[in-house]
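On a predicted model such as this, the values are computed, not experimentally measured, just so you know. Throughout, residue positions are numbered sequentially from 1 according to the sequence presented.
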Amino acid sequence: MNEELQVTQETLDYIRGMIYHSPNKLIAMAGVQVAELEERHIKLEMPLGDVHVNHVGTAYAISMIMLMEMAGASLLQCTYGVKKFVPILKRIDIRYQKPTDKTLVCDLSLTMEEAKKLIAPVLERGRGNTPLKIKLTDITGADIAEADFGFYLIPMDMKLV
């Protein structure tokens with residue numbers, strides 16, 4: 001891929017830092033842990049604790065969505081870097097499969113071929129859709145949810161409002 005999309009150790013450190021020290025208060029208090037982070041691969045874990053448990057003692061739906069969105073956006077950044085594009089969430093179609101009271105896990109990766117195919121129309125147009133199918137499990141490996149996320153990559157300097 002081109003130089004603007006280069007992923008360096010500095011990029012990976014930046015992504016890790018944004019997860020652990022996000023200026024977004026919701027993300028900062030979420031307790032998300034980076035289990036693995038490398039080019040085209042991220043694995044995030046989120047212990048439920050008191051903050052992510054709903055009224056029946058299982059993982060709160062919005063916490064599941066937040067972890068999946070964080071993992072998806074971070075996957076795009078550790079695939080295409082952080083200098084040219086910013087991922088913005090455009091849509092989610094989620095299917096909940098099983099409740100859990102255990103740590104949530106989101107493990108995502110792209111092959112080089114998948115990454116090239118996904119970014120090609122974005123590079124051609126200068127921005128564009130980047131669909132990701134994201135699976136959520138718990139720490140035991142049980143399937144908890146699956147979603148089709150529609151991220152939109154916008155140029156780093158594009159004004160939204």
Side-chain angles (χ1 to χ4, degrees), residues 5 7-54 58-111 114-115 118-119 122 127-156 158 160:
L5 300 180
V7 176
T8 63
Q9 187 59 49
E10 181 182 358
T11 302
L12 297 174
D13 291 343
Y14 172 81
I15 295 165
R16 183 184 310 272
M18 287 304 292
I19 291 169
Y20 284 126
H21 309 290
S22 176
N24 179 294
K25 291 180 183 180
L26 181 61
I27 292 172
M29 59 70 65
V32 173
Q33 300 167 357
V34 179
E36 298 175 32
L37 177 61
E38 56 195 352
E39 187 173 7
R40 298 186 321 278
H41 176 230
I42 187 160
K43 181 178 180 182
L44 298 180
E45 297 178 354
M46 187 168 65
L48 295 186
D50 293 336
V51 72
H52 299 295
V53 177
N54 63 22
T58 61
Y60 191 51
I62 200 67
S63 295
M64 292 184 222
I65 292 168
M66 181 178 67
L67 182 63
M68 295 168 86
E69 189 272 339
M70 286 176 66
S74 296
L75 175 66
L76 294 172
Q77 291 180 316
C78 71
T79 300
Y80 306 118
V82 296
K83 294 180 181 175
K84 186 165 177 76
F85 296 110
V86 176
I88 303 294
L89 186 58
K90 186 175 177 180
R91 67 169 184 79
I92 306 170
D93 179 17
I94 190 163
R95 293 160 303 284
Y96 298 100
Q97 297 165 324
K98 178 183 175 186
T100 188
D101 60 357
K102 296 173 179 53
T103 295
L104 298 173
V105 179
C106 197
D107 190 351
L108 304 177
S109 61
L110 291 171
T111 66
E114 291 168 331
L118 196 59
I119 198 67
V122 176
R127 63 181 182 272
N129 292 315
T130 50
L132 292 177
K133 185 173 284 296
I134 299 178
K135 181 179 173 182
L136 185 69
T137 64
D138 69 16
I139 199 76
T140 71
D143 292 338
I144 303 305
E146 183 178 82
D148 297 311
F149 274 71
F151 288 93
Y152 199 78
L153 291 182
I154 63 169
M156 182 60 85
M158 184 175 168
L160 292 177

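Within 6.0 Å of atom OH in Tyr60, 12 or fewer heavy atoms from other residues, nucleotides or ligands are found, so the atom counts as exposed in its surroundings. The local environment of CD in Glu10 is sparse, with at most 12 non-hydrogen atoms from other residues, nucleotides or ligands closer than 6.0 Å. Around NZ of Lys133, the count of heavy atoms belonging to other residues, nucleotides or ligands within 6.0 Å exceeds 12.
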**Study point:** Derivation and outcome, side chain to side chain contact (heavy atoms under 4.5 Å, CB included), residues Met66 and Met46
**Key:** CA-CA 10 Å; Met66 181 178 67; Met46 187 168 65; 4.0 Å; yes

Practice item. Kindly indicate, with the supporting measurements, whether the criterion side chain to side chain contact (heavy atoms under 4.5 Å, CB included) is fulfilled by Glu45 and Leu67. Key: CA-CA 8 Å; Glu45 297 178 354; Leu67 182 63; over 6 Å; no

Review point. Going through the checks in order, is the side chain to side chain contact (heavy atoms under 4.5 Å, CB included) test met by Val7 and Leu12?
Key: CA-CA 7 Å; Val7 176; Leu12 297 174; 3.8 Å; yes

**Study point:** Chi angles and distances behind the side chain to side chain contact (heavy atoms under 4.5 Å, CB included) call for Phe85, Ile154
**Key:** CA-CA 5 Å; Phe85 296 110; Ile154 63 169; 6.0 Å; no

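The CG atom of Asp13 sits 8.0 Å away from the CG atom of Leu37 when rounded to the nearest 0.5 Å. The line from CG of Asp138 to CG of Leu104 is 7.5 Å long, rounded to the nearest 0.5 Å. With rounding to the nearest 0.5 angstrom, the OG1 atom of Thr137 is 10.5 Å from the CD atom of Gln97. Here the CD-OG distance, from Glu38 to Ser109, works out to 8.5 Å after rounding to the nearest 0.5 Å. The line from CE of Met64 to CG of Asn54 is 7.5 Å long, rounded to the nearest 0.5 Å. If you take CD1 on Ile94 and CD1 on Ile65, they are separated by 4.5 Å, rounding to the nearest 0.5 Å.
Residues Ser22 and Asn24 have side chains that never bring a donor and an acceptor to within less than 3.5 angstrom of each other.
Between Cys106 and Ala71, the closest heavy-atom pair is SG-CB, 3.5 Å. Listed here is the closest heavy atom pair of Val34 and Tyr20: N-OH, 2.8 Å. Taking all atoms of both residues into account, the shortest heavy-atom contact from Phe149 to Met68 is CZ-CB, 3.6 Å. Nearest heavy atom pair, residue Lys102 against residue Ile139, reads CB-CG2, 4.2 Å. Scanning both residues, Gly81 and Thr11, for their nearest heavy atoms gives CA-CG2, 4.0 Å. Taking every heavy atom of both residues into account, Ser63 and His52 meet most closely at OG-ND1, 2.6 Å.
Panel note: side chain Arg40, backbone Leu110; a donor-acceptor pair is recorded below 3.5 Å. The backbone N or O of Ala115 lies less than 3.5 Å from a partner atom in the side chain of Tyr80, making a donor-acceptor pair.
Across Leu76, Leu75, Leu44, a single residue satisfies side chain to side chain contact (heavy atoms under 4.5 Å, CB included) together with Leu108, and that is Leu75. Considering Asn129, Val86, Ile119 in turn, Ile119 is the only one that fulfils the side chain to side chain contact (heavy atoms under 4.5 Å, CB included) rule with Leu153.
Taking the side chain as every heavy atom from C-beta outward, Gln77 and Pro87 approach each other to under 4.5 Å. A heavy-atom distance below 4.5 Å is not found between the side chains of Met156 and Lys83. Put simply, the side chain of Ile27 does not reach to within 4.5 Å of the side chain of Ile19, judged on heavy atoms. In this structure, Leu89 and Phe151 have side chains that are in contact, with non-hydrogen atoms separated by less than 4.5 Å. When side chains are defined from C-beta on, Arg16 does not count as touching Ser74, because their heavy atoms never get closer than 4.5 Å. Between Thr79 and Thr130 there is no side-chain heavy-atom pair separated by less than 4.5 Å.
A salt bridge links Asp143 to Lys135: at least one charged side-chain nitrogen sits closer than 4.0 Å to a carboxylate oxygen. Salt bridge annotation for Arg95-Asp148: present, with a cationic side-chain nitrogen under 4.0 angstrom from a carboxylate oxygen.
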